[in-house]
Structure formats: C-alpha cells, structure tokens
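These figures come from a predicted structure and were not determined experimentally. For the numbers below, each heavy atom of this structure counts, side chains included, while hydrogens, waters and symmetry mates do not. Each chain gets a letter, A, B and so on, in the order its sequence line appears, and its residues count up from 1.
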Amino acid sequence: AQSVTQLGSHVSVSEGALVLLRCNYSSSVPPYLFWYVQYPNQGLQLLLKYTSAATLVKGINGFEAEFKKSETSFHLTKPSAHMSDAAEYFCAVSDKGGSEKLVFGKGTKLTVNP
Amino acid sequence: NAGVTQTPKFRVLKTGQSMTLLCAQDMNHEYMYWYRQDPGMGLRLIHYSVGEGTTAKGEVPDGYNVSRLKKQNFLLGLESAAPSQTSVYFCASRDRQGPLQETQYFGPGTRLLVL
C-alpha cells in the first residue's frame, strides 16, 4: 500500500528565502504524486502533479517539485518565499493506472516571516 | 461553474443527534469523496463513490454513512454524532478519465462541532 511522509509539520522561512518542503513516498508501483495547498479556512487547491512526463514539475505561484525515484522523494521548492505563501501544504500519492484514491501526508504548515 | 460546494459551512450538534452533509459538483465528475481533516492527521478518507449508486469505504468509515443517488450529489450522514466526530469535513470530486484524471477538486469544507 502506498504512503506519504512529510518531514516537518511546521516550517518557518523569511520572506525572500528558499522554501523547501519535503515529501517521501512509498508505493509498490510507479506513482502519481501531487502537492496541494490549503490557505486558512479554505479547501485544498492543486499546486502541481507528477505523472511521469517529466521529473521536474512546475506548478502555480512559482512552486516546483522534482521526482527522484532513487530517493523516493518529491520535494516542493520555491526560490523566494512571499508572505502570501503562508499556508498548509499536503503531499499525496496514488498508484498509476487509474486508482480511485489518493493517500495524503499529514501536512506541513509554512510560516513566512517579514 | 461553481465547482464543488458543501452545505452547511458550519454546524454544532449535541452528542447523539444526526445530520447530513451535502456535497454537490457541477463538473459532471464520476468520482466523489468525503474526507475529514484533524490537526496533525492530514486528510483521511471516510467514504468514496466511483459512480451514481455506488459507494465504498475509505480509511475511517465507522460512524458515517453515504449515499450517491444522483451523479452530482454525495451525501454524508452521521446517525448518532459523537464528540470524536468533531472535525472539518471536505468533499472532493474528480473525472474518471482525460488529461485531468486523478486531480481531485475540493469543496470549501464543513466545520462540525459535536458537544
């Protein structure tokens, strides 16, 4: 069964600094991987997803993630944090091939300090 | 398009009361999901549906029932609410096939407090 581990439940960065949110997965087959963002008191929005077309995936709001099979990782990065990036970020995995379900990590709350 | 909508936005129940949460989507999606979100636990799947008239259990189904009588609606019922069901409930939907396959679209959530 697939699972996702997000390292660090809270990450704090200064405005303008690099954002790095870590996600490791386990899956018995090559997975689809997702990053979702949740702003306060809102639902989840898709940031980006990996479906094997390219290992470096670019998403909305300047975020990107790199799929590394050897490290079973899909870390999310943004070169320069903005105050508006403060939110909770969730990594999720599904088995390739039309699986009905996503498995979510426990989330990482990002704080951006002025 | 409204996307995924949830009713109500907030509700307070007493232990033992029942209620139904409604999820509606106007994207003609086949698949629909109910999750609960608790601090430090991420999102956990309660029940899901792969089409009208079909439902299946997720990770934490106990104490909940669901129905999918119409393709656009997915109802989550609590027959006898318990304080452990205090949570934020999210509905999501996705298409069965096509380029956006497997991307789930989420509603704004329902905050439920059980006293």
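Hydrophobic cluster membership differs between B/Met41 and B/Val88, with clusters built from Ile, Leu, Val, Met, Phe, Trp and Tyr side chains linked at under 4.5 angstrom. When hydrophobic clusters are built by joining Ile, Leu, Val, Met, Phe, Trp and Tyr residues whose side-chain heavy atoms come closer than 4.5 Å, directly or via intermediates, A/Val11 is grouped together with A/Val4. A/Val112 and A/Ile60 fall within the same hydrophobic cluster, defined by Ile, Leu, Val, Met, Phe, Trp and Tyr side-chain heavy atoms under 4.5 Å apart, directly or through other members. Note on B/Leu75: it does not cluster hydrophobically with B/Met19, by side-chain heavy-atom contacts below 4.5 Å among ILVMFWY residues.
Environment of NZ in B/Lys71: crowded, with over 12 heavy atoms of neighbouring residues, nucleotides or ligands closer than 6.0 Å. No more than 12 heavy-atom neighbours from other residues, nucleotides or ligands sit within 6.0 angstrom of CD on B/Glu79.
Between A/Lys101 and B/Tyr48, the shortest heavy-atom contact is CD-CE2, 3.6 Å. Of all non-hydrogen atoms in B/Gln37 and A/Phe90, the two that sit nearest each other are NE2-CZ, 3.2 Å.
Between chain B and the options A/Glu88, A/Gln38, A/Lys109, the largest number of non-hydrogen pairs under 4.5 Å is found for A/Gln38.
Residue B/Arg44 does not touch chain A at all, counting heavy-atom pairs closer than 4.5 Å. Looking at A/Gln6, neither its backbone nor its side chain comes within 4.5 Å of chain B, counting heavy atoms on both sides. For a residue to count as touching a neighbouring chain, one of its non-hydrogen atoms must lie under 4.5 Å from one of that chain's; by this rule A/Leu44 touches chain B with backbone and side chain alike. Contact of A/Gln45 with chain B is not made at all, since no heavy-atom distance falls under 4.5 Å. In this structure, chain A has a heavy atom under 4.5 Å from the side chain of B/Leu45, while its backbone stays farther away.
Here the CZ atom belonging to B/Phe106 is positioned 5.5 Å from the OH atom belonging to A/Tyr36, to the nearest 0.5 angstrom. Atoms CD and OG, on B/Gln104 and A/Ser94 in that order, are 8.5 Å from each other to the nearest 0.5 Å.
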